[in-house]
Amino acid sequence: MADFDLGSSFIAALHKPSALLPIAKHREALLYLIETNPVTIVVGQTGSGKTTQIPQFLEQAGWCGDGKIIAVTQPRRVAATTVAVRVAEEYGCELGKEVGYSIRFEDVTSAATRIKFLTDGLLIREALVDPLLSRYSIIMVDEAHERSISTDILLGLLKKIMKRRPELRVIISSATLQAEDFLKFFSPQSDDQPSDQNGKGQTGSIISLEGRTYPIDVLYLEIPTEDYVEKAVSTVFEIHTKEGDGDILVFLTGREEIDNAIQAISERIDQLHPRAQSILALPLYAGLSTEQQMYVFEEAPENTRKVILSTNIAEASVTIDGIVYVVDSGFVKLRAFDPRTGIESLTATPVSKAAASQRAGRAGRTRPGKCFRLYTEDNFQALPDANVPEIQRTNLAPFVLQLKALGIDNVVRFNYLTPPPAELLIKATELLFSLRALDEYAKLTRPLGTRMVELSVEPMMAKTLLTASSFGCLSEILTIAAMTSLGGSVWIQRDGEKKQMESARRKFAADEGDHLTLLNVYQTFVTKGKKEARFCHDNHINFKAMTRAVSIRGQLKRYLERFGIAVDESLSASSAAAGKGESIRRCLTTGYFAHAAKMQFDGTFRNVEGGTILYAHPSSLMFNRKADWVIFHEVMDTGNKIFIRDITKIEKNWLLEYASDFYQLKS
DNA sequence: GAGCACTGC
């Protein structure tokens, strides 16, 4: 270890970020720009105060006359709530009065609300009811540079709405220099129809606000590393022995790498000088329970340096104070969807320049910091400027449905900031057609298609829900829909308790497969478990996830009742055992026929075309049970194998019974 | 017998 010299293996970057300027200085300029331009793009670093200050400036300047509201959208729920809390404090009002927020399951606003923080996904849903978003005088889209699919769709909608509402003001806030792209998107020239608006052809302006961050030294490797996990560990020790005080944040790609790194660190701690400062290595990833995540926020014990090994969650979603050193592997796991096979992949990919600087910025929040990039400066220069926008690599079926409901019949010609590949749109349209959500003219069907839009679950489950009452199992499918939408976070594995978790899980197992098992878990939770945390802890179940399932189920039930579909809960307590299994499995087939597979003698599965080898995910009951035909909720390629999750046995002839034309097309 | 980054309605 001693032969590793920090000074010789890392070299300094040429450019250093400049210092600070408070936003108040720009107040008049901002208000003028917003007054005179339909679109204003605000480029601001973290700590510039754009999110908290701009809405208050606007409110004071009179933009809430005539009962109009200022909306500020965020890509994440926590951001919407925490920023609202802070602005309400600064404004001097009770949360939910003049300043409020609205996210799924929580509407903390009132008739008095003038500044409203909400997720961008929720604002899109508001547009389903109020297509011109007429309640709002100003809509500020925050963190637009993240390019989440909801942000992109919202921007497209806003461009359309602005043509009908010239008085509407749109503010786009972005942390990096994608400002020109946003400006170009909103300028008339980028339209299909030529426009000669005020001769200048300009509808917007860009303003830059500097942030209140500290300088960060960025260091690169001189020669690339073969093994960034090992290099991350050795760099942690180099920092620990050669640099001053301050906690270390290491960016890796996933749970496995993080566990390995922590193992390696704990093995090497013994080699430290007995009187030297010690190291406390902590993992951080979304799959941990809330309690496990809280450790990273606690102060390290005396004479101990905290080292947090994290996934991308620490890049934007979670902020930890006291980080002085960042170690960046340069990789991130990115989800992508292959429209040809319909299979999602989740593989480690090099980060973008924007993401790398976001990671580096995590070092300079409380004092000057250092960022060690585990790649060369040439590697960095070769990185793409920004990540591929989500809209270009995701299953678009839910969004095509939403666009149709918003009156955008031709989804190919919609105003996209960056258009998705045609194959993604075609695949989404085909699926929606096979589910009968779209007719042969690709128009939304009534009532099935329009109802599927309203249900906040993915299209295949929405279809399943809407056929459930004809199978007499609506109550059960409601539960299954809520449980599957948790995305595999039902079980919690605590350190060294793998066996215990497995046996806890077996207690709920149903022969028919994972969907009925999930149903058992939920029904035991609400009856025997009395919806209590104690029950969850004893059974290795994620309490937070179960609470969420209860909320989701309630919301779905309310939607169905609004459609006039009654939910009979009277028999639900005994349903799984009472011979409803077959109805439930048949019903699932009406939505998931496109996700069918046949088990082979060796226990692997083949998709219907027969070309793709699928493996039951180890979290599935079907991992070690016999079956013939099955349907599954999800399929994912992790680079090694293609896994299917949430699997249930069905009969082959049900596929023909409920999706004959789909399977005739296939063969 | 072996594993899923993150977010949202």
Side-chain angles (χ1 to χ4, degrees), chain A residues 73-80 102-107 118-128 143 146-154 251-259 284-288 310-318 329 331-336 344-349 351 355 387 390 393-394 398-399 401-402 405 452-459 461-462 481-482 485-491 493 498-499 501-502 548 551-552 555-556 558-559 602-604 615-620 622-625 633-646:
Chain A
T73 71
Q74 296 290 330
R76 280 172 292 280
R77 292 160 54 95
V78 269
S102 193
I103 57 176
R104 187 182 187 185
F105 304 128
E106 276 177 74
D107 182 15
L118 72 172
T119 50
D120 35 25
L122 197 59
L123 190 59
I124 295 173
R125 282 182 85 88
E126 282 191 12
L128 291 169
E143 313 285 2
E146 287 187 18
R147 302 293 306 274
S148 79
I149 186 161
S150 296
T151 302
D152 272 24
I153 291 202
L154 180 60
F251 283 102
L252 296 171
T253 71
R255 174 198 293 223
E256 195 181 359
E257 283 178 9
I258 289 170
D259 289 346
L284 179 64
Y285 45 84
L288 293 173
S310 172
T311 62
N312 223 21
I313 192 170
E315 193 177 296
S317 309
V318 174
S329 67
F331 284 88
V332 62
K333 271 190 189 167
L334 224 51
R335 203 195 266 269
E344 279 195 318
S345 59
L346 190 66
T347 46
T349 318
V351 295
N387 286 337
E390 201 183 357
R393 53 182 168 88
T394 205
F399 297 92
L401 208 51
Q402 227 166 23
M452 281 173 63
V453 180
E454 281 202 53
L455 290 170
S456 48
V457 289
E458 37 122 28
M461 188 54 87
S485 65
L486 298 175
S489 58
V490 174
W491 304 96
Q493 189 179 309
K498 193 188 276 186
K499 282 238 167 70
M501 187 199 79
E502 293 292 341
R548 193 172 160 74
S551 301
I552 295 173
Q555 189 185 45
L556 293 173
R558 284 193 296 280
Y559 284 136
D602 61 1
T604 65
Y615 294 82
H617 191 274
S619 67
S620 170
M622 290 304 146
F623 185 75
N624 51 15
R625 290 189 189 206
H633 183 70
E634 200 177 40
V635 52
M636 181 159 284
D637 182 355
T638 60
N640 274 331
K641 287 177 179 172
I642 305 173
F643 289 104
I644 53 177
R645 295 166 52 89
D646 292 338

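Numbered from 1 within each chain, the chains take letters A, B, ... in sequence-line order. Computed over heavy atoms, backbone and side chain alike; hydrogens, waters and symmetry mates excluded.
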For atom CG of A:L154 and atom C1' of B:dC9, their distance in whole Å: 14 Å
A:A286, nearest nucleotide to its side chain (from B:dA2, B:dT7, B:dC9): B:dT7
Under-4.0 Å side-chain N/O to phosphate OP1/OP2 contact, A:H617 with B:dA2: no
A:E390 CD - B:dA5 C1' separation (whole Å): 12 Å
Gap between atoms CE and C1', on A:M636 and B:dG3 respectively (whole Å): 12 Å
Touch class at under 4.0 angstrom, heavy-atom based, for A:L346 against every strand present: base
Touch class at under 4.0 angstrom, heavy-atom based, for A:R104 against every strand present: base
A:S456 and A:Q555 side chains, donor-acceptor separation under 3.5 Å: yes
Whole angstrom value for the distance that separates P of B:dG3 from NZ of A:K499: 17 Å
Rounded interatomic separation in angstrom, taking CZ from A:R548 and P from B:dT7: 10 Å
side-chain contact (heavy atoms from CB on, under 4.5 Å) assessment of A:R125 paired with A:Q402: CA-CA 8 Å; A:R125 282 182 85 88; A:Q402 227 166 23; 4.0 Å; yes
From B:dC9, B:dC4, B:dA5, nucleotide with atom closest to A:T311 side chain: B:dA5
Any donor-acceptor N/O pair, A:T638 side chain to A:L346 backbone, under 3.5 Å: no
Main-chain N/O of A:S148 paired to A:E390 side chain as donor or acceptor, under 3.5 Å: no
A:E344 CD to B:dC6 P, straight-line distance once rounded to whole Å: 14 Å
Candidate nucleotides B:dG8, B:dC9, B:dC6, ranked by approach to the side chain of A:S317 - the nearest: B:dC6
Given DNA chain B, 5'-ward residue of the pair A:N624 and A:R77, judged by closest heavy atom: A:N624
Sugar-phosphate, base or nothing in reach of A:L455, heavy atoms under 4.0 Å: nothing
Sugar-phosphate, base or nothing in reach of A:F105, heavy atoms under 4.0 Å: nothing
Phosphate OP1/OP2 of B:dT7 contacted by A:R335 side-chain N/O (<4.0 Å): no
Check: A:R645 side chain, A:S619 main-chain N or O, donor-acceptor pair, under 3.5 Å: no
Touch class at under 4.0 angstrom, heavy-atom based, for A:Y615 against every strand present: nothing
Short N-O contact, A:K333 and A:E257, less than 4.0 angstrom: no
Given DNA chain B, 5'-ward residue of the pair A:Y559 and A:I313, judged by closest heavy atom: A:I313
Rounded interatomic separation in angstrom, taking CG from A:L401 and C1' from B:dC9: 12 Å
Sugar-phosphate only, base, or nothing, as touched by A:T638 at under 4.0 Å among non-hydrogen atoms: sugar-phosphate
Rounded distance (Å) that lies between atom P of B:dA5 and atom CZ of A:R255: 7 Å
Shortest side-chain distance from A:F623, nucleotide among B:dG1, B:dG8, B:dT7: B:dG1
Sugar-phosphate, base or nothing in reach of A:S148, heavy atoms under 4.0 Å: nothing
Touch class at under 4.0 angstrom, heavy-atom based, for A:E634 against every strand present: base
